[in-house]
Protein chains: 2
Amino acid sequence: MISDQPITSSDKIFYLLRNAIVEGSIKHGSKLNEAELSTTYEVSRAVIREAINRLVTCHLVERKANVGARVVELSEHGLIELYQVRESLEGMAARLAAQNMTQQEIADLNQLLESHFATVKPGESYYQEAGDVDFHYRIILGSKNQQLITILVEGIYHLVRMYRVQFGMAGPRVTTAFDEHKYIAMAIKNRDAELAEMLMRRHITYSKNNIADKLSQS
Amino acid sequence: MISDQPITSSDKIFYLLRNAIVEGSIKHGSKLNEAELSTTYEVSRAVIREAINRLVTCHLVERKANVGARVVELSEHGLIELYQVRESLEGMAARLAAQNMTQQEIADLNQLLESHFATVKPGESYYQEAGDVDFHYRIILGSKNQQLITILVEGIYHLVRMYRVQFGMAGPRVTTAFDEHKYIAMAIKNRDAELAEMLMRRHITYSKNNIADKLSQS
DNA sequence: AATAGCAATATTGTCGACAATGAGTAAATA
DNA sequence: TATTTACTCATTGTCGACAATATTGCTATT
């Protein structure tokens, strides 16, 4: 799979801004001033506008006519909504993955889990961050449903990452999440679409509740 | 709910183009030439670009750097994928609607069904077109999940309509679809989220299969 | 002092021109 | 004749300036 790297100016600015927004160096809810960005990044306003439009496309930014663009607001309520959508879409992704992944892809998925099991120390948060995302991505791509892949990879997942980073969601749930992943992988291996969907939905519901608990404490 | 009408030039062009694409007067898969559109609609290329970007946002158009924008291609395979996503998202919408719709909204929903039942003659395709969409919209909005609403109303549904129009999907299934709607509404009225989701998923699966059968005949 | 209206300013929307890139064509070479 | 290469043309990307709109701050009036 050849990934076309950023050729155009707007591309670069888009990636820069997206990173800044996800990482929080541009705060959520803040306004994006075109002229200002234009001078700081040393490109024309047209480029900035183009980049902002692409940010709108992935739901990281909202724009009002004649008023301007703002980074989306983050809230506990918004996070719940996001996870409800994830539950629905990734459940379907798991179902389709059980039907459509090749034997090779399934083997790779299991190998990924084993390598994680080997390297991860209990209580370490590495797994949650990189490994978890990796696992979910493989299943999403394994669905082979382009519509689904686009919505999740280009739309939802940057928002998910934004919440993870800015709400500081790493923490425990490492080992339990690992087991959940294991069972999902097993269902896929058995080509049990029903079960794969159900387990994935439970997996996401669990982590939603886990997050909601944490937030209400703080 | 106050809907802000098209103020800006790009707005108008966006709506015009979207209509033309959905209705098929701009063919699926065809290229969008910026200069050409600019002269026919008598606006600058900037507003055309803006409009095209918004079409990209609702997945009706795809753009490649330095090459240009094309209307998405329609195919039987693409339609199946679309309906899988609908099944997943609208299932969740029905679940949430059962939890979140007000008593008033539920009453209105039932009244809508009754008025359809009164006016619709068997074999008439009116119901499929307007009534079906109306029913589904109410449930989507009833979910009260903004993320979900945006994805479906701004993204998926224009594509659905595009397939409906251009693949000529009206046909029968009127009366059976009506019954399915009735049972979904009942589940929502009883606040049975589980059942509402299940029935909605089945409803969409049925119509997917119905369409697939038709297409393979022709 | 509070508010309404108005003027000044800041910001976004739109425009036409130029630069950069891709696509198509014809000539040149093997 | 097939293939490569250089050139031309068509199309998209980027720019700075101007127009239209929203926001802000001031003044006047009650």
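Numbered from 1 within each chain, the chains take letters A, B, ... in sequence-line order. Because the structure is predicted, anything quoted here is derived from the model rather than measured.
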**OP:** List the protein contact pattern of nucleotides 17-22 of chain D with one symbol per nucleotide (5' to 3'): B for base contact, S for sugar-phosphate-only contact, - for none; contact means a heavy-atom distance under 4.0 Å.
**Re:** ----SS

Original post:
What is the distance from CD of E42(B) to P of dG16(C), rounded to the nearest Å?
Top reply: 11 Å

**OP:** Please check the phosphate of dT14(C) (OP1 and OP2 only) for any side-chain N or O of T8(B) closer than 4.0 Å.
**Re:** yes

Original post:
Does S44(B) place a side-chain N or O at less than 4.0 Å from the phosphate oxygens OP1/OP2 of dT14(C)?
Top reply: no

Original post:
Around atom CZ of R202(A), are there more than 12 heavy atoms of other residues, nucleotides or ligands at under 6.0 Å?
Top reply: no

**OP:** Would you kindly give the CZ-to-P distance between R70(A) and dT23(D), to the nearest whole Å?
**Re:** 10 Å

**OP:** Using a heavy-atom cut-off of under 4.0 Å over every strand shown, decide if I52(B) touches base, sugar-phosphate, or nothing.
**Re:** nothing

**OP:** Return the orientation label for the H203(B) and H136(B) ring planes: parallel under 30°, perpendicular over 60°, tilted otherwise.
**Re:** parallel

Original post:
For the pair made of CD1 in I48(B) and P in dT14(C), what is the distance, rounded to whole Å?
Top reply: 11 Å

**OP:** Quick one: pull up OG1 in T205(B) and CG in N210(B) and give me the separation to the nearest 0.5 Å.
**Re:** 12.0 Å

Subject >> Gap between atoms CG and P, on N33(B) and dA10(D) respectively (whole Å) >> reply: 11 Å

Original post:
Just to confirm, is there a sub-4.0 Å distance from OP1 or OP2 of dG13(C) to any side-chain nitrogen or oxygen of S10(B)?
Top reply: no

**OP:** Report yes if a side-chain nitrogen or oxygen of K31(B) is closer than 4.0 Å to either non-bridging phosphate oxygen (OP1 or OP2) of dT12(D); otherwise report no.
**Re:** yes

Original post:
Given dG13(D), is OP1 or OP2 found less than 4.0 Å from the side-chain N or O atoms of R49(B)?
Top reply: yes

Original post:
N53(B) has an atom CG; how far is it from atom C1' of dT14(C), in whole Å?
Top reply: 15 Å

Original post:
Would you say dT14(C) has OP1 or OP2 under 4.0 Å from some side-chain N or O of S9(B)?
Top reply: yes

Subject >> Within 6.0 Å of NZ in K31(A), more than 12 heavy atoms from elsewhere >> reply: yes

**OP:** Would you kindly give the CZ-to-C1' distance between R63(A) and dT11(C), to the nearest whole Å?
**Re:** 12 Å

**OP:** State, without any angle test, whether D108(A) and Q104(A) hold a side-chain donor-acceptor pair at a distance under 3.5 Å.
**Re:** yes

Original post:
Can you check the L37(A) CG to dT12(C) P distance for me, whole Å?
Top reply: 9 Å

Original post:
Toward the 5' end of DNA chain D, which comes first, A35(B) or A46(A), by nearest nucleotide?
Top reply: A35(B)

Original post:
So, N53(B) versus R49(A): side-chain donor-acceptor pair below 3.5 Å or not?
Top reply: no

Subject >> Nucleotide dT14(D), atom C1' - distance to NZ of K12(A) in whole Å >> reply: 12 Å

**OP:** Check every strand shown and say whether I13(B) touches a base, only sugar-phosphate, or nothing at a heavy-atom separation below 4.0 Å.
**Re:** nothing

Original post:
Does NZ belonging to K144(A) count more than 12 external heavy atoms closer than 6.0 Å?
Top reply: yes

